[in-house]
Amino acid sequence: MAQAAPLPTRRADLLARLAEPRTWDLAVVGGGATGLGVALDAAARGLSVVLLESHDFASGTSSRSTKLLHGGVRYLAQGNLSLVREALHERGTVLRNAPHLASRLSFVMPSYAWWQAPFYGIGLKLYDLLAGRAGLGATTFLGRAQTLAALPNLQPVGLRGGVAYWDGQFDDARLALALARTAAREGALLLNDCAVTRLLHEQGRVTGLHCEDRSSGQGYALRARCVVNATGVWVDTLRQLDGAAQGRSVEAMVAPSQGVHVVVDREFLPGEHALLVPHTADGRVLFAVPWLGKLVLGTTDTPRSDLPREPRPLRAELDFILGEAARYLGRAPTRADVKSIWVGLRPLVRPAGEDAAATGRLSREHTVLVSATGLVTVTGGKWTTYRAMAEDVLARCVQAGLLPERPAGVSQDLKLVGAPSTDAGLGPALSDAPGLYLYGSEQAWLQDLPGAGQWLAPGLDEAMVRFAARYEYALTVEDVLARRSRLLFLDAALAASLAPRVASILAEETGRDPDLAGFLALAQDYLRWPSEQDA
Ligand SMILES: Cc1cc2nc3c(=O)[nH]c(=O)nc-3n(C[C@H](O)[C@H](O)[C@H](O)COP(=O)(O)OP(=O)(O)OC[C@H]3O[C@@H](n4cnc5c(N)ncnc54)[C@H](O)[C@@H]3O)c2cc1C
């Protein structure tokens, strides 16, 4: 079971490496799915890589997704077959390389009109065909009784049958951490809580950056042959800094759109299947997905003009989600049943001059831009395709003469930290309650730490908090309860009740203030219902 010892992530050691005078091949700004994917691919090719994340790994959009590894049934309807085929291939890659953090899941689309099952069924057969050898199982047509058996508590009135198909699901924040830790294993230096504040230019070219350890305020100037801006919805800030240094104004490329998720108990959709409503009252898709022992309902797609770190839901979005759930579930959840509400910002890419109000039309594919100074910016895309995006980014860096050419494809079969070294077949289901299984092959190391088996809540023992501090870059209570464990996302009140004990273990491990008060305020926000005025 035990593999190589986990690499320690002691802050003082990481900062000491950051201070070493040297020139990096690649500096990546942003530690979400996109930046971490780029850092890992580059490090695995033998390049020297540093990655700076201003807050915590995946604390931006990458911990707030619907957690689906999917080709995108919606993009199929739009006829974007190449995007779907690529994502289906990448879905298989994640399931293979991180089987402890990703699993396949059956989705059922119920049909209430005669045409729905044949219409969606034919589309999903095409989905199976596009997946080819990466297929996870065949789409099947279900009769009325089979549909009700698959989705107990589905609204039976008017139900005719359904279609079942396969996709994947994952733990997005823990996958991000696995990418970070695998990149570190490949030699990269990664720091969270370290913000890039400026770019360095010489003779009109980007030659490095300036970053700041947020807790001490200590600044560091780093030299790099290539700088990749992977800051998600925030890419325009760095692009504008790059332009300003050249006396140029830079037009924004991101049109953010927010997506809300609501979490309730599994009893509202018991069983092993997710529910997909392909066409809600306003034409959007609605998912009810079993995830880590709870049920996730979502999402919305609401344009925003600002970029808050912690976006909050509008009342209308929550009414929409609970209202649609009530149309499809016999016993529907109400506000009193909600355990957590979380919101993420999509970095949709705006073609020049496009009106930000219609986010449905904006590109969901990723975009890579190389500025006149050589700053490489990547944004958009999906979690599922992070690896393909990384290959694309590195190809562009080579094309622009910023990085030396190295063979691509190295990450295709690269097992992530925690993955069993041999192909043991399908891993555990991510719809199950959290537990030791999320640590994969590192379970033995975890169980050797003090506090193993001293459970704070189902799926979180004291050893996991120590493991997070020692090996998973955790600095604050939020890092532990929002992203190493997903308790904030699953049950914010329970997370708040454990926070003081987590804080004292963390303080003991790191010698730092773990910001208990900040976490308690955040947990309140994940439970707060917006007022009528926030419609
Ligand atoms: C509601 C919603 C649901 C989604 N569901 C799915 C899904 O089910 N499946 C799927 O495949 N995709 C899904 N996506 C898409 C997916 O989540 C995103 O494409 C992906 O997470 C984007 O990652 P990123 O790294 O580009 O951005 P982010 O995760 O936001 O990362 C950018 C990082 O840059 C950091 N940063 C910003 N400025 C600086 C700076 N100056 N210095 C250092 N760091 C900085 C930020 O702190 C942040 O961590 C969903 C998106 C949303 C919004």
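Quick note: residue numbers are just sequence positions, from 1. Just follow the structure's listing: the first ligand is 1, and inside any ligand the first atom is 1.
Close contacts between ligand 1 and L52 involve ligand atoms 43 (C), 44 (N) [criterion: under 4.0 Å to a heavy atom]. Which parts of ligand 1 touch G30 is read off a 4.0 Å heavy-atom cut-off, strictly below it: atoms 33 (C), 34 (O), 35 (C), 44 (N). Atoms of ligand 1 found under 4.0 Å from any heavy atom of G259, numbered from 1 in the order shown, are 1 (C). Which parts of ligand 1 touch L345 is read off a 4.0 Å heavy-atom cut-off, strictly below it: atoms 53 (C). Contact atoms of ligand 1 toward G344: 53 (C) (distance under 4.0 Å to a heavy atom of the residue). Within ligand 1, the atoms closer than 4.0 Å to a non-hydrogen atom of K67 are 8 (O), numbered from 1 in the order shown. The contact set between ligand 1 and G232, taken as ligand atoms under 4.0 Å from a residue heavy atom, comprises 26 (O), 27 (O), 32 (C). Listed by number with element, the atoms of ligand 1 under 4.0 Å from a non-hydrogen atom of V29 are 40 (C), 42 (N), 43 (C).
With a 6.0 Å cutoff to the six-membered ring centre and a 45° limit on the axis angle, R312 counts as a cation-pi contact of Y526. The cationic atom of K294 (NZ for Lys, CZ for Arg) does not lie both less than 6.0 Å from the six-membered ring centre of W342 and within 45° of the ring axis.
Note on ligand 1: R309 sits in its first shell, one or more heavy atoms being nearer than 4.0 Å.
The closest heavy-atom contact to atom 15 (C) of ligand 1, among the options F287, W383, W342, comes from W383. When the heavy-atom distances from atom 17 (O) of ligand 1 to G381, S65, A58, A195 are ranked, the shortest goes to S65. Looking at H55, K382, E53, R214 and measuring to atom 47 (O) of ligand 1, the nearest heavy atom belongs to E53.
At a threshold of 4.0 Å, the pair R350-E251 does not count as salt-bridged, since none of the basic side-chain nitrogens sits closer than that to a carboxylate oxygen. With respect to the salt-bridge test (charged N to carboxylate O, under 4.0 angstrom), the residues D193 and R512 qualify.
Aromatic pair F489/W291: ring centres not closer than 6.0 Å.
In this structure, the protein non-hydrogen atom closest to atom 41 (N) of ligand 1 is V196 O, 3.0 Å. From the protein, the heavy atom lying nearest to atom 31 (O) of ligand 1 is G32 CA, 3.4 Å. Looking at atom 53 (C) of ligand 1, its nearest protein heavy atom turns out to be R346 CG, 3.2 Å. With hydrogens left out, the protein atom closest to atom 5 (N) of ligand 1 is T66 N, 3.0 Å, a heavy atom. Protein heavy atom at the shortest distance from atom 30 (O) of ligand 1 is T61 N, 3.0 Å.
For the pair S62 and ligand 1, the shortest N or O to N or O distance falls below 3.5 Å. When only interatomic distances are considered, the shortest N/O to N/O separation between L68 and ligand 1 falls below 3.5 Å. Ligand 1 has a nitrogen or oxygen under 3.5 angstrom from a nitrogen or oxygen of S54. Note: no N/O pair closer than 3.5 Å links H261 and ligand 1 by distance alone.
In T197, neither the side chain nor the backbone holds a heavy atom less than 4.0 Å from any atom of ligand 1. Neither the backbone nor the side chain of M389 comes within 4.0 Å of ligand 1, counting heavy atoms alone. With a 4.0 Å cut-off on non-hydrogen atoms, Q258 does not touch ligand 1 at all. Of the heavy atoms in A230, only backbone atoms (N, CA, C, O) come closer than 4.0 Å to ligand 1.
Of the possible donor and acceptor atoms, none in the side chain of D56 sits under 3.5 Å from a partner among the backbone N and O of S59.
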